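On a predicted model such as this, the values are computed, not experimentally measured, just so you know.
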Amino acid sequence: MAKGDPGVSTRSRRAAPRSRKGTGGDPELVQLLTPEGERIDSVVGPDGTVYSVDFTDEEYRGLYRDLVLVRKLDAEATALQRQGELGLWASLLGQEAAQVGSGRALRTQDMAFPTYREHGVLYCRGIDPIMPLGLFRGVDQGGWDPNEFKFNMYTIVIGAQTLHATGYAMGVAMDGKTGTDDGEAVIAYFGDGATSQGDVNESFVWASVFNAPLVFFCQNNQYAISEPLERQTRVPLYRRAAGFGFPGVRVDGNDVLASYAVTRTALDNARHGQGPSLIEAYTYRMGAHTTSDDPTRYRIASEVEAWQAKDPIARMKAFLTKQQIVDADFFAEVDEQARRESLHLRERVLAMPNPEPVTMFDHVYPNGSPLLDEQRAKFSRYMESFEGSAH
């Protein structure tokens, strides 16, 4: 879904460029849509950059539809895991705006490197939502083609994808694919906890020194599994970029409009040869880190309730309603579409065939090997020894 060009919205209530204060008086962050659904024309970032969007009514409706569908599909996956149909699931609940906003800002030629939670970005890249469920069900290794969709495979090792993204971005620059409006850019997603990993800091060094066309997109959801943000850093994460020689900005990660605007600007700067940048999307993980986690052991209910008031879908719904861009029938239609698609996803997951154990040898090497063939043959004989037995 194409989005509008930079400009001043005709539906804004406040015209003067301004910056917004973060949650609880935190350092300034970019916000274009308040939790109450009030639209802000434009915002001046800490470095003087002006952020704004100018979407059509249809594009606003499309963003809302994306948010609702992504959340519903994610909820279905969580339910499937609870019912024993998936081995694990990492929910994006609460982080939909950061993912949809940044995902829709990507151009066709841009490359994304995700963690294991970027289901919303995956959806925006046009990948079938069942693909990551096959991975977490244990029947395949993911299934999508990174080159076709410009979206790399999920990375479970914390922070490792930032090194992959940096190397890829360096290659883009060496191939001369930057410096124009049609240049290529790369985006790497990671969480606040990953900033404590050596891989991430090494990628910052290399990206900076080699002026790589790379946007580091940190979804600061306040917790690295069970460790709160204050155990990770003494300063706002976006400020770390300055120490590595490139710009950083904090955006309201529950604001899909601001997430889009900030990411688009960063990607455009990268594709024009201006090097890397760091976006800190200030958001909140409403659910567990993964389905093996119990967040009630390390955070209190009042904190969760405070963030529920900043819900990304609720604020977009309030905006659409206040501006009379939609009516009740639209919301009902989106909810029904989400229900149908989540049900269809469930049916497809349950119909997934279990792979034969011997297929574990199929994709080890692209052209096989004598040693692998020998191992396959031994394993096949071993499995055949159970046929007709009481095992």
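You'll find the ring centres of F216 and F204 inside the 6.0 Å limit. Taking the six-membered ring where the residue is Trp, the centroids of F55 and Y260 are separated by under 6.0 Å.
Between D66 and R61 there is no salt bridge, since no side-chain N of the basic residue sits under 4.0 Å from a carboxylate O of the acidic one. Here D110 pairs with R271 in a salt bridge; the nearest charged N to carboxylate O distance falls below 4.0 Å.
In this structure, CG in D252 is found 5.0 Å from CG in L29, a value given to the nearest 0.5 Å. Remark: N211 CG to Q274 CD distance equals 9.0 Å, nearest 0.5 Å. Put simply, CD on Q99 and CZ on F217 are 8.0 Å apart, with the number rounded to the nearest 0.5 Å. Here the straight-line distance linking atom CD of Q324 with atom CG of D57 works out to 11.0 Å at 0.5 Å rounding. Taken to the nearest 0.5 Å, the CG atom of L133 stands 11.0 Å off from the CD atom of Q81. One finds the NZ atom of K310 at 10.0 Å from the CE atom of M286 (value rounded to the nearest 0.5 Å).
The same ILVMFWY cluster, assembled from side-chain heavy atoms under 4.5 Å apart, contains both L86 and L350. In terms of hydrophobic clustering, with Ile, Leu, Val, Met, Phe, Trp and Tyr side chains grouped at heavy-atom distances under 4.5 Å, V186 and V121 are assigned to different clusters. Note: the hydrophobic cluster containing M131 also contains L106 (ILVMFWY, side chain heavy atoms under 4.5 Å, direct or indirect links). Hydrophobic cluster membership is shared by L80 and W89, with clusters built from Ile, Leu, Val, Met, Phe, Trp and Tyr side chains linked at under 4.5 angstrom. Under the 4.5 Å side-chain heavy-atom criterion for grouping Ile, Leu, Val, Met, Phe, Trp and Tyr, V172 is connected to V209 within one hydrophobic cluster.
Residues Q109 and G183 come closest through the heavy atom pair NE2-O, 3.1 Å. Minimum heavy-atom separation, V262 to I279: CG1-CD1, 3.7 Å. Between L33 and D255, the shortest heavy-atom distance links the atoms N-OD2, 2.7 Å. A pairwise comparison of heavy atoms in H289 and R117 identifies O-NH1, 2.9 Å as the closest pair. Scanning both residues, P236 and R250, for their nearest heavy atoms gives CB-NH2, 3.5 Å. What you find for T263 and S102 is that their closest heavy atoms are OG1-CB, 3.5 Å.
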Exercise. List the steps, then state whether side chain to side chain donor-acceptor pair (under 3.5 Å) holds for S91 with D74.
Key: CA-CA 6 Å; S91 173; D74 176 72; 2.6 Å; yes
Quiz prompt | Candidate pair E36 and T34, rule side chain to side chain donor-acceptor pair (under 3.5 Å), full reasoning | solution = CA-CA 5 Å; E36 296 75 29; T34 71; 3.2 Å; yes
Self-check item: F113 and I187: CA distance, side-chain angles, deciding distance, side-chain contact (heavy atoms from CB on, under 4.5 Å) verdict
Solution: CA-CA 6 Å; F113 286 81; I187 189 168; over 6 Å; no
Practice problem: Go through R65 and Q337 one step at a time and tell me if the side chain to side chain donor-acceptor pair (under 3.5 Å) criterion holds. | Solution: CA-CA 9 Å; R65 189 184 300 272; Q337 179 185 354; 2.4 Å; yes
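F386 and Y382 have perpendicular rings, their planes meeting at more than 60° on a 0 to 90° scale where under 30° would count as parallel. Using a 30° and 60° split on the angle between ring planes, Y64 and F330 fall in the tilted class, from 30° to 60°.
At least one side-chain heavy atom of M174 sits less than 4.5 Å from a side-chain heavy atom of M170. Between Q31 and N254 there is no side-chain heavy-atom pair separated by less than 4.5 Å.
Checking side-chain atoms of R82 against main-chain N and O of A77 turns up no donor-acceptor pair under 3.5 Å. Put simply, the side chain of S203 gets close to the backbone of V200: a donor and an acceptor are under 3.5 Å apart.
Under the 4.5 angstrom side-chain criterion for Ile, Leu, Val, Met, Phe, Trp and Tyr, L371 has no cluster partners at all.
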Return all side-chain donor-acceptor pairs below 3.5 angstrom for residues 146-156, not counting sequence neighbours, or 'none' if the list is empty.
{"residue": "K150", "atom": "NZ", "partner": "Y168", "partner atom": "OH", "Å": "3.2"}
{"residue": "Y154", "atom": "OH", "partner": "H119", "partner atom": "N", "Å": "3.4"}
{"residue": "Y154", "atom": "OH", "partner": "H119", "partner atom": "ND1", "Å": "2.8"}

Sequence neighbours excluded and cut-off under 3.5 Å, please list the side-chain donor-acceptor pairs for residues 220-230, or say none.
{"residue": "N220", "atom": "OD1", "partner": "Q222", "partner atom": "N", "Å": "3.0"}
{"residue": "N220", "atom": "ND2", "partner": "E280", "partner atom": "OE2", "Å": "2.8"}
{"residue": "N221", "atom": "OD1", "partner": "Y223", "partner atom": "N", "Å": "3.3"}
{"residue": "N221", "atom": "ND2", "partner": "Q95", "partner atom": "OE1", "Å": "2.9"}
{"residue": "Q222", "atom": "NE2", "partner": "N220", "partner atom": "O", "Å": "3.2"}
{"residue": "Q222", "atom": "NE2", "partner": "T283", "partner atom": "O", "Å": "3.0"}
{"residue": "Y223", "atom": "OH", "partner": "E303", "partner atom": "OE1", "Å": "3.2"}
{"residue": "Y223", "atom": "OH", "partner": "E303", "partner atom": "OE2", "Å": "2.8"}
{"residue": "E227", "atom": "OE1", "partner": "R231", "partner atom": "NH1", "Å": "3.0"}

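For the side chain to side chain donor-acceptor pair (under 3.5 Å) condition, the pairs that include at least one residue of residues 169-185, sequence neighbours left out, are D181-H272. Screening residues 345-363 for side chain to side chain donor-acceptor pair (under 3.5 Å) gives E76-R346, Q83-R346, D128-R348, D362-R376 as the qualifying pairs, with residues at least two apart or on separate chains.
Residues forming a ring-ring contact (aromatic ring centres under 6.0 Å, His included) with Y284 (at least two apart in sequence, or on another chain): W307.
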